[in-house]
Amino acid sequence: MLFLFMLWLFQTVFLTDMYKLVRTMEMEKAINLVETSIDDEDLDIIILGLEQHMEILVRPTSQYRQPPEQVLLNPKFTQPEAITRTKMFTKEDGTVLSMTFYAVITPVNATVSTLQLQMFMIVCIMILFAVVLAMIIASHIAKPIERLNQSAKVLATGQYDVQFQGRGFLEIKELSDTLNTAAEELSKVETLRRELLANVSHDLRTPLALIYSYAEMMHDFPREITSEQTQTIMNEAQRLTKLVGDVLDLASLESGTMELCKGTYNLTQSLRSSVERTGELVKHDGFTISMEADEDAYVRADEIKITQAFYNLLLNAIHYSNEEKHITIRQSVQDGYVTIAVIDQGAGILEDYLPYIWDRYYKVGKQRRHVTGTGLGLSIVRKILELHDGRYGVVTALGLGSTFWFSLEQADM
Ligand code: ADP
């Protein structure tokens, strides 16, 4: 509108004034030209050239002045609007010439009406164009955004199954996809929260109930306390401590609040001492753990976290070993990656369960829940390795054992 208004202002309202100004300037230029070439031989030709644009009446000074003939004779311009300037020029030989410059500006009025009509047509076309454009914008941008907004409001009420349908421009489709992913993630978090509450409360309740009943028994029959009873209480308390520790670890790993304390260290050396310490602890139960490593490998990682992941794998190997109580830790270095494999000869895992064992709270054979661990061990391993951009996996055969492995990029020393 502003653009059209300016166009209208200059093309119609100020047009006459501007045209006059231009004509006056032209006339000034013509006068200056005549003044400088008054003694030239070809003055006539110069005047002829100038007459292309304006009328010039040249007379000796004595002659009676009158407006140019052809203008007066033209019937169409009975009272032509014009600008006139009369000027005397003195030649070198003393002759004085009077010249009247006469520029008609009347046709401007006709031009103004033409322009006004054109302006009116342009305004109509522009308004039509603006309306069509507004309608297109509304249907392609405003409406889809409005729909997304409605869905977002539904999402805010906690209905995570809401679908965002963004149509129209690519950016709106992308926004819609992002919102759908966000809704999906929120829904996952919600499921996880429920799962966590259910699992943790179940896992806490079982040992607590056991501890309570044993303590009650010991309270009622203080003379009959046996070492099995106290051992059960100790075991259950240990289980509780481990569960709480695992839940807290996983929570801080997943929330992203945990800062990794990375440094370059000797992985082989670090794991070897862990193996030795664990070997000492479990040798009374008949376990032997051996470590095979050809060379010392260095990695850039958080030593405490990597050791924790390794411990989880090692303890699982011990936990799920059957009669064959030998566990092998094998280190191999290839293509700049160090791979650590924890090999047991235990029960192995059924292939159907494999995709789920890395999930939180997943325990193969859930009925054995009170016997086995917390179901968080492998998810902690997974999270730690993901934070280190490491790879991990398992190769297993039912009845033959499992090989859990992880690999990290080798660091230069
Ligand atoms: P848990 O605390 O129950 O051991 P994990 O997350 O460490 O939880 O392991 C998940 C499941 O994977 C376990 O319940 C177990 O059935 C299976 N699993 C893990 N390690 C082994 C292993 N070395 N041999 C056989 N099964 C294993």
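Atoms within a ligand are numbered from 1 in the order they appear, just like the ligands themselves. Keep in mind the model is a prediction, meaning the values are calculated, not measured.
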message: Please tell me whether Asn235 and Gln231 have a donor and an acceptor in their side chains that are separated by less than 3.5 angstrom.
response: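 Per modelled atom types, Asn235 and Gln231 side chains form a pair under 3.5 Å.
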- request: Output the list of atoms in ligand 1 that are nearer than 4.0 Å to some heavy atom of Ser402, sorted by atom number.
  value: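 Within the 4.0 Å cut-off of Ser402, ligand 1 contributes 24 (N), 25 (C).
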- prompt: Short list, please: which atoms of ligand 1 are under 4.0 Å from a heavy atom of Gly377?
  reply: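 Close to Gly377: 5 (P), 6 (O), 7 (O).
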Does the distance from a Lys or Arg side-chain N to an Asp or Glu carboxylate O, for [X] and [Y], drop under 4.0 Å?
{"X": "Glu185", "Y": "Lys188", "result": "yes"}
{"X": "Asp177", "Y": "Lys173", "result": "no"}
{"X": "Glu190", "Y": "Arg193", "result": "yes"}
{"X": "Glu236", "Y": "Arg239", "result": "yes"}
{"X": "Glu28", "Y": "Arg85", "result": "yes"}

Which bit of [X] is near ligand 1, meaning a heavy atom under 4.0 Å away: side chain, backbone, both or neither?
{"X": "Leu378", "value": "both"}
{"X": "Asp344", "value": "side chain"}
{"X": "Phe404", "value": "side chain"}

query: atom 24 (N) of ligand 1: which of Tyr353, Trp358, Tyr356, Tyr320 has the nearest heavy atom?
result: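 Ranked by closest heavy atom to atom 24 (N) of ligand 1, first place is Tyr320.
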message: For ligand 1 and Gly375, I'd like to know whether there is a polar contact (N/O to N/O, distance under 3.5 Å).
response: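 N/O-N/O distance under 3.5 Å: yes.
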message: Checking the N or O distance criterion of under 3.5 Å, is ligand 1 in contact with Asn316?
response: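 Yes - when backbone and side-chain N and O of Asn316 are compared with those of ligand 1, one distance drops under 3.5 Å.
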